[in-house]
Amino acid sequence: MSQADLISPFRFLAHLPQHLPRVPRMLRGLYYAGIRNREKNLSLAWALQRAAERHPERPALMDENRQLSYRAFNAWANRLAWALKAEGVGHGDVVAVMLENRLELLAILAALSKLGAVGALINTTQRGKVLAHSFNLVKSGFLVIGDELRGAFDEITSQLHNQQACRYWIADQDCLRDPGQAPDGWLNLMQIASGQAEDNPPDSQRVRMTDACFLIYTSGTTGLPKASIMSHGKWIKAYGGFGHSGLTLNERDVLYLTLPCYHNNAVTVCWSAALAGGAAIALRRRFSASAFWSDVQRYNATCFGYIGELCRYLLNQPVHPAEQGNSLRCMIGNGLRPSIWAEFKQRFGVEQITEFYASSEGNIGFTNVFNFDNTVGYTPATYAIVRYDLENDRPIRCKKGFLQKADKGEAGLLISEISAKWPFDGYTDPAKSEAAILRDVFKKGDAWFNTGDLMRDIGCKHAQFVDRLGDTFRWKGENVSTTEVENVLGAFPGVEDAVVYGVEIPGTNGRCGMAALRLAQGLELDGAALAAHLDAELPAYAAPLFVRLLDEVETTGTFKYKKTDLKQAGYDPRQVDGPLYVRLPGSNSFQWLDGELHAAIEQRHYRF
């Protein structure tokens, strides 16, 4: 970390004058972010209704073929809400939703919020056992599935615990014009909603900040996905922090959104930021680096939602004619690395980078409100960065048993105090929630949320992200559970032991997966068969790209795999004894990794 990254009080004050016009919005944002009374009638439903009343004819949503005003979008959500209510969906009911990025998805989620129902946002890239687990975990009696994902759903239907759940089908087309014909055994939700009332259902007046809004799946460190609770209270904090204090978008802005809507980055961060100012969202099904600037030009987008990997993809693209003098002025997201921060701003002329830090399950968020470089920004929450013993994987306690705060600029574990103002909603599993809490931190009886992330304090309540701890690594903008991947590898014929960890590839963000395998005696690795197995059982981002073979696997006294030495050796043939393999981009098999190929990877000849 350079001295330039540290924020002194003088530098902080010198930076303030340019933000004076934004002060009223920023103060409003601090109000919403700091509300203590969680019984208030503030919710996603309230925010949409408010935006529709204030900006009825301004565009709310658009895609390649459609544009909906706030009035039209709100009326659509209301029709769906009345339809779902007639079907028996009520306050607190969990509805599993699995659609790709399209206007229908946001309309359904808005409708659920108006009833106080909870949308369990199924990861659309999951398949097989992991997908079945995600459905079964939330015990939903109502399932809403897009036709584009019906094949994946049909494959796991027999594994669902609740075979009596109501199944609603959404056509893969413009459902406002043509709701389509549902297959046998399915109910057509859009058809049911077509004749319903367009006024706001009274149920929305009973939705409180304490109520759950979404269930967001997170890999965590214990294997299969966990469902974290995104309450309306946390959504409103995002509405204040990201929408009013951070971006301050207005009704003339368009936020281009390509991030998957099963992520909080999309449905909480970006959507709340748009609703706060009456801005439009231009939605794309999947990110395309080659189409990015053409889309920005088509929508006259002024903002976009990002993850660090997306930014790297854009920088790797050849210069596009539409990137010159483009309409973008700001962006919001996380994971933009300091190594490309300045280059990205300079090449594409983006004035404001609203980098943030938050997690689906956590009770703290940082936002780069003042547009400093290389920081996740500021938080009004009570937090601390404490010293951490990386070798033994635990916080360091003093002789009295309390944690020790790290010095300014020193990397340490980020923790956040749990209080009435900053509650911890946690997971649907109370045991998993308790495991994320540190107690007796600075005094007897206090409780703090363990983020599991290393951060450093850079001054004036600003922080800089360093790395993730534990058995989760991040690749392609997704958290990958090593335990989940190890279980999939263990099911491959001949694998006796599997150890998974993240390794860095030059020129990429995060860490990709690497597996150390012990095979049954006498067996050789079938690279093509292993690749096919991984493709069938895991999303692309979770499948390991490197494999090494071991004669035996070291474990601790509690039978946990020792990964430190494996991580340090990585995929370097000079440090790895035994066979070493790589799956190159576009390949359907693992191949031998020698010194020459290793050098080519290090020299960025391949785009992972």
Side-chain angles (χ1 to χ4, degrees), residues 22 24-26 28-33 35 40-63 67-78 80-81 101 103-116 119 121 200 204-205 207 209 211 213-214 230-257 259 261 263-283 299 301-305 330-333 354 356 358 365 367:
R22 299 171 56 219
R25 286 284 299 275
M26 292 169 72
R28 193 183 315 164
L30 286 174
Y31 163 74
Y32 286 121
I35 292 174
K40 278 184 174 291
N41 174 221
L42 294 174
S43 64
L44 167 56
W46 166 84
L48 175 57
Q49 187 71 20
R50 182 174 185 269
E53 291 168 356
R54 294 173 63 121
H55 314 285
E57 304 309 323
R58 296 300 301 172
L61 294 178
M62 56 182 78
D63 62 14
Q67 179 172 305
L68 292 178
S69 69
Y70 267 100
R71 185 197 303 276
F73 175 58
N74 190 48
W76 187 15
N78 286 338
L80 283 164
N101 274 24
L103 308 194
E104 285 75 10
L105 173 58
L106 294 184
I108 290 164
L109 296 180
L112 292 175
S113 75
K114 288 171 178 282
L115 298 177
L121 295 171
N200 200 39
S204 67
Q205 299 301 314
V207 183
M209 293 176 69
D211 295 325
C213 182
F214 305 127
M230 170 57 60
S231 66
H232 284 278
K234 286 173 68 175
W235 195 94
I236 288 295
K237 286 181 184 294
Y239 177 85
F242 301 130
H244 287 295
S245 294
L247 280 181
T248 59
L249 299 178
N250 59 48
E251 69 275 11
R252 294 179 297 278
D253 283 306
V254 176
L255 192 159
Y256 178 50
L257 180 59
L259 302 175
C261 285
H263 265 190
N264 258 331
N265 283 29
V267 293
T268 297
V269 176
C270 291
W271 200 6
S272 71
L275 285 174
I281 284 182
L283 196 62
Y299 299 119
T302 55
C303 182
F304 75 101
C330 59
M331 52 197 273
I332 186 165
T354 307
F356 72 87
T367 311

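Closest non-hydrogen pair, Cys270 versus Ile332, comes out as SG-CG2, 4.2 Å. Of all heavy-atom pairs spanning Ala274 and Ile281, the tightest one is CB-CG1, 3.8 Å. Minimum heavy-atom separation, Thr367 to Phe242: OG1-CE2, 3.2 Å. Here the closest non-hydrogen pair linking Tyr70 and Ala279 is OH-O, 2.6 Å. Heavy atoms only, all atoms of each residue included: Ala77 and Leu48 are closest at CB-CD2, 4.3 Å. Residue Gln49 comes nearest to Asn78 through the heavy atom pair OE1-ND2, 4.5 Å, listed as atom of the first residue, atom of the second, then distance.
When atom types are taken as modelled, the side chain of Asp63 and the backbone of Ala282 share no donor-acceptor pair closer than 3.5 angstrom. The main-chain N or O of Arg58 is never found under 3.5 Å from a side-chain atom of Arg71 such that the two would form a donor-acceptor pair. Between the side chain of Ser272 and the backbone N or O of Val269, at least one donor-acceptor pair lies under 3.5 Å. Counting only distance, with no hydrogens or angles, the side chain of Arg25 and the backbone of Gly246 share no donor-acceptor pair below 3.5 Å.
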Practice item. Applying side chain to side chain contact (heavy atoms under 4.5 Å, CB included), run through Cys261 and Leu109 and close with a yes or a no. Key: CA-CA 10 Å; Cys261 285; Leu109 296 180; 5.6 Å; no
message = Under the criterion side chain to side chain contact (heavy atoms under 4.5 Å, CB included), I'd like the reasoning laid out for Met331 against Thr354: C-alpha separation, chi angles, the key distance, then a yes or no.
response = CA-CA 6 Å; Met331 52 197 273; Thr354 307; over 6 Å; no
Exercise. Report the C-alpha distance between His244 and Met26 in whole Å, list the side-chain angles of each, state the deciding distance to 0.1 Å, and finish with yes or no for side chain to side chain contact (heavy atoms under 4.5 Å, CB included).
Key: CA-CA 6 Å; His244 287 295; Met26 292 169 72; over 6 Å; no
Side chain to side chain contact (heavy atoms under 4.5 Å, CB included) for Leu247 and Cys330? Distances and angles first, verdict last.
CA-CA 8 Å; Leu247 280 181; Cys330 59; 3.9 Å; yes
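Considering OH of Tyr32 and NZ of Lys40, their distance stands at 9.5 Å, rounded to 0.5 Å. Here CG of Leu44 is found 8.0 Å from CD1 of Ile236. Values are rounded to the nearest 0.5 Å. In this structure, CD1 in Ile35 is found 7.5 Å from NZ in Lys237, a value given to the nearest 0.5 Å. To the nearest 0.5 Å, atom CG of residue Leu106 and atom CG of residue Leu68 are 10.5 Å apart. Note that OG1 of Thr302 and OH of Tyr256 are 13.5 Å apart. Values are rounded to the nearest 0.5 Å.
Side-chain contact check for His232 versus Ser113: some heavy-atom pair is nearer than 4.5 Å. No side-chain heavy atom of Thr268 sits less than 4.5 Å from a side-chain heavy atom of Lys234. Residues Val267 and Asn264 form a side-chain contact, since some pair of their non-hydrogen atoms from C-beta on lies under 4.5 Å apart.
For Gln67, the side-chain contact (heavy atoms from CB on, under 4.5 Å) partners two or more places apart in sequence, or in a different chain, are Pro59, Met62. Annotation: side chain to side chain donor-acceptor pair (under 3.5 Å) contacts of Asn200 (sequence neighbours excluded): Lys114, Ser204. Listed by chain and residue number, nothing satisfies the side chain to side chain donor-acceptor pair (under 3.5 Å) test with Ser245 (two or more places apart in sequence, or in another chain).
Classification of the Trp271-Trp235 ring pair by plane angle, with boundaries at 30° and 60°, yields perpendicular. The aromatic rings of Trp46 and Tyr239 sit perpendicular, their planes meeting at an angle over 60°, well past the 30° parallel limit.
Considering Leu61, Leu255, Leu103, Leu105 in turn, Leu103 is the only one that fulfils the side chain to side chain contact (heavy atoms under 4.5 Å, CB included) rule with Leu283.
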